[in-house]
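Note that the numbering runs from 1 along the sequence shown for the chain.
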Amino acid sequence: MAIKDLESPFTLYTATYSICAIMVQMTYEMRGTPRQGYPDMKLERKVINISPHVREQLNEFYLLNISPNGVVPVLVNDKVLDKPMPESVDISFYISDWHPSLLPPQHKQVIEELVHELHDISYKLLTFGTKTKYPSMNIDYIRGQIKRTDISTAYRKALEHKAGLTKEWEDGHSEDDLAETETRTRKFVAKIVALMEKRPAEKDGFTYIFGPEPTVLDAHVVVFLGRLYEKERFDLLPSTLVQWHEHIRKTDLWKRAAPAGTTLPPMW
């Protein structure tokens, strides 16, 4: 691949209050020096309005050309990538390959395991709870779109696919599901605290999970903690992590990664 292609900017389709998109944005902001022979990754954000009043992620162009699942984030670069790259974990590890300090070899295995474990936790349940009508509202909207007579066959099929994905969410937010999600969260944050207890002390009193340099795990964890913090789920947050999150929350890193200052949309 020519170096000039690597210098072409990537487009990140994102949303202001998408926790997974903010995780990718934090990964990028923490990226460090590029690998040898690579330029600094250029990333331009294209904000998609996913509010119930707009649902830009469900329009025909987005479903057919960017994300068949109708989600953010998605990474696009026609000169470097064969096709749009969905999934925050995949995008973050792609950025980490480009900027290797995010995934240091000595911690690679545990970082990969914990990032995947984190993304097995249902952020939707922790955010919306079990009484939300949001999935039903989305399904009703999508079904209404499917009934339209003025849309293409390809768009109708894409909407039917999205309706199936949304139905899975509607069927998966019982009280038992929430209890399991809370248990997973407690186990996960306990592992992060245990890692922090092993890190070397720094003169200024602040370090990341493994030491003075941030990793992709830091990027995802601090945003996840932000969602719990904003939901005031302090029953799930050890004081050590509250203080750690509050420190990063006051930095320019947080301002750049979460420009609205929060991961929570104002109407929720």
Side-chain angles (χ1 to χ4, degrees), residues 1-51 54-105 108 111-112 115-116 118-119 123 158 162 208 213-224 226 248 251-261 263:
M1 185 178 298
I3 190 69
K4 64 179 181 180
D5 291 335
L6 296 177
E7 292 174 346
S8 64
F10 289 79
T11 298
L12 180 70
Y13 285 83
T14 183
T16 303
Y17 303 109
S18 164
I19 184 173
C20 290
I22 297 172
M23 287 173 172
V24 171
Q25 288 163 190
M26 183 62 79
T27 301
Y28 179 75
E29 295 301 335
M30 290 182 167
R31 66 192 181 277
T33 304
R35 64 190 293 184
Q36 187 174 2
Y38 274 56
D40 186 42
M41 178 183 279
K42 297 176 183 177
L43 188 68
E44 299 173 352
R45 301 178 190 174
K46 183 172 179 59
V47 178
I48 300 298
N49 190 334
I50 63 173
S51 75
V54 180
R55 295 185 173 97
E56 195 173 353
Q57 79 279 18
L58 299 180
N59 69 34
E60 183 169 12
F61 172 80
Y62 197 78
L63 285 177
L64 297 184
N65 297 282
I66 305 301
S67 172
N69 290 343
V71 297
V72 293
V74 179
L75 188 67
V76 175
N77 186 324
D78 293 338
K79 293 184 178 180
V80 179
L81 301 174
D82 294 333
K83 58 183 179 180
M85 179 183 292
E87 303 298 337
S88 57
V89 172
D90 292 341
I91 298 170
S92 295
F93 283 134
Y94 183 79
I95 296 172
S96 300
D97 182 65
W98 197 298
H99 292 269
S101 65
L102 289 166
L103 194 59
K108 183 175 184 292
I111 288 174
E112 290 178 341
V115 167
H116 283 101
L118 173 58
H119 284 266
Y123 312 141
K162 179 62 177 177
Y208 292 98
E213 299 298 326
T215 70
V216 62
L217 182 61
D218 291 275
H220 284 232
V221 168
V222 74
V223 175
F224 176 62
I248 298 177
T251 66
D252 288 339
L253 275 175
W254 183 266
K255 294 175 183 177
R256 293 194 299 269
T263 71

A.B. asks: For Pro39 and Pro34, work out which heavy atoms get closest and say how close.
C.D. replies: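 For Pro39 versus Pro34, the nearest heavy atoms are O-CB, 3.5 Å.
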
A.B. asks: Please round to the nearest 0.5 Å and tell me the distance separating atom NE2 of His116 and atom CZ of Phe93.
C.D. replies: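 It comes to 5.5 Å.
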
A.B. asks: Taking all heavy atoms of Ala15 and all of Val72, pick out the closest pair and write down the distance.
C.D. replies: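 It is CB-CG2, 3.7 Å.
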
A.B. asks: Could you pull out all residues at least two apart from Lys108 that satisfy side chain to side chain donor-acceptor pair (under 3.5 Å)?
C.D. replies: Glu112

A.B. asks: Using the test ring pair (Phe, Tyr, Trp, His ring centres under 6.0 Å), find all partners of Trp254 that sit at least two apart in sequence or belong to another chain.
C.D. replies: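 Partners of Trp254 by the ring pair (Phe, Tyr, Trp, His ring centres under 6.0 Å) criterion, ordered by chain and then number, come out as His245.
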
A.B. asks: Let me confirm one number: the CE-CD1 distance from Met30 to Ile95, rounded to the nearest 0.5 Å.
C.D. replies: 12.5 Å

A.B. asks: Among residues at least two apart in sequence or on other chains, which ones pass salt bridge (charged side-chain N to carboxylate O under 4.0 Å, His left out) with Glu213?
C.D. replies: none

A.B. asks: Sequence neighbours excluded, which residues qualify as salt bridge (charged side-chain N to carboxylate O under 4.0 Å, His left out) partners of Lys42?
C.D. replies: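 Salt bridge (charged side-chain N to carboxylate O under 4.0 Å, His left out) check on Lys42 returns nothing, list empty.
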
A.B. asks: Give a yes or no on whether Asp90 atom CG has more than 12 heavy-atom contacts from other residues, nucleotides or ligands under 6.0 Å away.
C.D. replies: yes

A.B. asks: List the steps, then state whether side-chain contact (heavy atoms from CB on, under 4.5 Å) holds for Leu75 with Leu43.
C.D. replies: CA-CA 9 Å; Leu75 188 67; Leu43 188 68; 3.5 Å; yes

A.B. asks: Which residues satisfy the side chain to side chain donor-acceptor pair (under 3.5 Å) test with Thr215, sequence neighbours excluded?
C.D. replies: Asp218

A.B. asks: Tell me every residue that passes ring pair (Phe, Tyr, Trp, His ring centres under 6.0 Å) with Phe10, counting only those two or more places apart in sequence or in another chain.
C.D. replies: Tyr94, Trp98

A.B. asks: Can you measure from CG (Asn59) to CG (Leu64) and round to the nearest 0.5 angstrom?
C.D. replies: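 Rounded to the nearest 0.5 Å, the CG-CG separation comes out at 9.0 Å.
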
A.B. asks: Does Thr14 form a side-chain contact (heavy atoms from CB on, under 4.5 Å) with Val24? I'd like the steps, not just the answer.
C.D. replies: CA-CA 9 Å; Thr14 183; Val24 171; over 6 Å; no

A.B. asks: Heavy-atom distance under 4.5 Å between the side chains of Pro73 and Cys20, does that happen here?
C.D. replies: yes

A.B. asks: Taking only residues two or more places apart in sequence or in another chain, which ones pass side chain to side chain donor-acceptor pair (under 3.5 Å) with Asn69?
C.D. replies: His161

A.B. asks: State which residues pass side-chain contact (heavy atoms from CB on, under 4.5 Å) with Gln57; sequence neighbours excluded, sorted by chain then number.
C.D. replies: Ile48, Ile50, Arg55, Tyr62

A.B. asks: I need the minimum non-hydrogen distance between Pro100 and Thr33, along with the two atoms involved.
C.D. replies: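 Distance-wise, the nearest heavy atoms are CD-O, 3.8 Å.
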
A.B. asks: Quick check: does any side chain N or O of Ser8 sit under 3.5 Å from a backbone N or O of Asp5, one acting as donor and the other as acceptor?
C.D. replies: yes

A.B. asks: Write down the atom of His220, the atom of Ser92, and the distance for their closest heavy-atom approach.
C.D. replies: NE2-OG, 2.7 Å

A.B. asks: Please list all pairs passing the salt bridge (charged side-chain N to carboxylate O under 4.0 Å, His left out) test where one or both residues lie in residues 24-39, with sequence neighbours left out.
C.D. replies: Glu29-Arg45, Glu29-Arg256, Arg31-Asp40, Arg35-Asp97

A.B. asks: Lys46 versus Val76: any side-chain heavy-atom pair under 4.5 Å?
C.D. replies: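 Side chain of Lys46 against side chain of Val76, heavy atoms only: no contact under 4.5 Å found.
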
A.B. asks: Excluding sequence neighbours, so at least two apart, what forms ring pair (Phe, Tyr, Trp, His ring centres under 6.0 Å) with Tyr123?
C.D. replies: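 With neighbours one apart ignored, the set is His119, Phe224.
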
A.B. asks: So which heavy atom on Ile66 is nearest to which on Pro68, and how close?
C.D. replies: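 Scanning both residues, the minimum pair turns out to be O-CD, 4.1 Å.
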
A.B. asks: Say you draw a straight line from CD1 of Ile22 to OG1 of Thr16; how long is it, rounded to the nearest 0.5 Å?
C.D. replies: 8.0 Å

A.B. asks: Which value, rounded to the nearest 0.5 Å, describes the distance between Lys79 atom NZ and Leu6 atom CG?
C.D. replies: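 Atom-to-atom, Lys79:NZ and Leu6:CG are 11.0 Å apart.
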
A.B. asks: So, for Asn77 and Pro9, which heavy atoms are closest and what is the spacing to 0.1 Å?
C.D. replies: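 Of all heavy-atom pairs spanning Asn77 and Pro9, the closest is ND2-O, 3.3 Å.
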
A.B. asks: Nearest 0.5 Å, what's the CD1-CE distance between Ile248 and Met26?
C.D. replies: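 Atom-to-atom, Ile248:CD1 and Met26:CE are 7.0 Å apart.
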
A.B. asks: Would you please name every residue forming a side chain to side chain donor-acceptor pair (under 3.5 Å) with His99, sequence neighbours left out?
C.D. replies: none

